[in-house]
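In each ligand, atom 1 is the first atom listed, and ligand 1 is the first ligand listed.
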Amino acid sequence: MSEQELEQKFNERIDRGEVIEAKDWMPERYRTQLIRMMSQHAHSEVVGMLPEGNWITRAPSLKRKAVLLAKVQDEAGHGLYIYSGTETLNISREEMLGAFLTGKAKYSSIFNYPTLTWADMGSIGWLVDGAAIVNQTALAKCSYGPYARAMVRICKEENFHHKQGYEILATLMKGTKEQREMAQESVNRFWWPALMMFGPHDAESPHSSDLLRWKVKLHSNDTLRQRFIDRTVPQAENIGITLPDPKLKFNPETKHYEHGDINWEEFYNVINGRGICNKERMKARRDAHVNGNWVREAAEAYAQKRNKLKAA
Ligand code: BYC
């Protein structure tokens, strides 16, 4: 079959809602777009351990510490599932890490904001994992099998993360005046960056048309952002948190919340390396890579020894 015929068959499979597997024929651009998006997702999970890792030693009780430790470990696991899923697209882990460590590949904008108070553990769980669930529940039905399957398990764990974050904030909101203020101040800082996680407006999103056509994305950036807002506003009201957007208003006709303008200048600054913590996050990951050299060398030496024994 010619390349054109193969592509036509591929598009027909996508239109029928079939799942594409690693060994199936796929257009080169489908493969490279998936590598871009999946590897960036994996890097985000790994970088995402840093802001919360910052609070493990300062969690206010043994129970909170155990829960936070489990959550941060879950994020490492998510990174590993997604790296493994991406490797099925004929790219090595080394190549992906190389792209990340040299700044060629991105990671989610949200992790370039600092975690200044304990309440930030609540805001990250509630808002950041909440946004991730909305995005990833859709990805669990995407056209590429290995990515979709990784998302099913990840979403289950993200649900636990979301609830623990909401519970931290709900507890603070039932506490002293200082605790309520700490919760509110944290949400004030994280609300807008959480909305930016969904990416630029649809009209400014260069990759969306390909990804929607191939059913990698099932919904546009703005659609998912709106879904997140609609779900989250009533949750904020339930615990007495005010979202920092004076223009947030329910429209009974559309049955959606209208919202104020997102600061896209801030978004582009952050994704282009000029956020508050970009340098710190990259340094932490580069240092971790160098410090992990001996582990890779030891694993390599062990593998060689086993191969020699097998061959003998
Ligand atoms: N941050 O054409 P667009 C987690 C980039 S971790 C940074 O709309 P696309 C968690 C975009 O990459 C979960 N960059 O792109 C972990 C592109 O640049 P390049 C993270 C962003 O791919 C620990 C350019 O802007 N989730 O949950 O169609 C603790 C144009 O954008 C961002 C995922 O990774 C951003 N927010 O759509 C707690 C989900 N937005 O590549 C929680 C998987 C856009 O041309 N990814 N850019 O240099 C996706 O769903 C999509 O890739 C996006 C962007 C919706 C993010």
| said: Going by the rule ring pair (Phe, Tyr, Trp, His ring centres under 6.0 Å), which residues pair with F250 if we only count those two or more places apart in sequence or in a different chain? | reply: Y257
| field | Cluster companions of L212 among Ile, Leu, Val, Met, Phe, Trp, Tyr (side-chain spacing under 4.5 Å) | value | none
| query | Cut-off 3.5 Å, side chains only: do H259 and D245 have a donor facing an acceptor? | reply | no
| remark: So the ring-ring contact (aromatic ring centres under 6.0 Å, His included) pairs with at least one residue in residues 17-54 (sequence neighbours excluded) are F10-Y30, Y30-W214, H41-Y147, H43-Y83, H43-F100
| Option among H289, E297, R296 that satisfies the side-chain hydrogen bond (donor to acceptor under 3.5 Å, both in side chains) test with N293 | R296
| said: Distance check, rounded to the nearest 0.5 Å: L127 atom CG versus L169 atom CG? | reply: 7.5 Å
N/O contact list for ligand 1, threshold under 3.5 Å:
{"from": "ligand 1", "atom 1": "1 (N)", "to": "S109", "atom 2": "N", "distance (Å)": "2.8"}
{"from": "ligand 1", "atom 1": "1 (N)", "to": "S109", "atom 2": "OG", "distance (Å)": "3.3"}
{"from": "ligand 1", "atom 1": "2 (O)", "to": "S205", "atom 2": "OG", "distance (Å)": "3.1"}
{"from": "ligand 1", "atom 1": "2 (O)", "to": "P206", "atom 2": "N", "distance (Å)": "3.2"}
{"from": "ligand 1", "atom 1": "2 (O)", "to": "H207", "atom 2": "N", "distance (Å)": "3.0"}
{"from": "ligand 1", "atom 1": "8 (O)", "to": "S205", "atom 2": "OG", "distance (Å)": "2.7"}
{"from": "ligand 1", "atom 1": "8 (O)", "to": "N221", "atom 2": "ND2", "distance (Å)": "2.9"}
{"from": "ligand 1", "atom 1": "12 (O)", "to": "R36", "atom 2": "NH1", "distance (Å)": "3.4"}
{"from": "ligand 1", "atom 1": "12 (O)", "to": "Q40", "atom 2": "OE1", "distance (Å)": "2.9"}
{"from": "ligand 1", "atom 1": "22 (O)", "to": "R36", "atom 2": "NH1", "distance (Å)": "3.2"}
{"from": "ligand 1", "atom 1": "22 (O)", "to": "R36", "atom 2": "NH2", "distance (Å)": "2.9"}
{"from": "ligand 1", "atom 1": "28 (O)", "to": "K217", "atom 2": "NZ", "distance (Å)": "2.6"}
{"from": "ligand 1", "atom 1": "36 (N)", "to": "S109", "atom 2": "OG", "distance (Å)": "3.1"}
{"from": "ligand 1", "atom 1": "36 (N)", "to": "M196", "atom 2": "O", "distance (Å)": "3.3"}
{"from": "ligand 1", "atom 1": "36 (N)", "to": "M197", "atom 2": "O", "distance (Å)": "3.3"}
{"from": "ligand 1", "atom 1": "37 (O)", "to": "K217", "atom 2": "NZ", "distance (Å)": "3.0"}
{"from": "ligand 1", "atom 1": "41 (O)", "to": "R36", "atom 2": "NH1", "distance (Å)": "2.9"}
{"from": "ligand 1", "atom 1": "41 (O)", "to": "Q40", "atom 2": "NE2", "distance (Å)": "3.0"}
{"from": "ligand 1", "atom 1": "45 (O)", "to": "H207", "atom 2": "NE2", "distance (Å)": "2.7"}
{"from": "ligand 1", "atom 1": "48 (O)", "to": "K106", "atom 2": "NZ", "distance (Å)": "2.5"}
{"from": "ligand 1", "atom 1": "50 (O)", "to": "N135", "atom 2": "ND2", "distance (Å)": "2.9"}

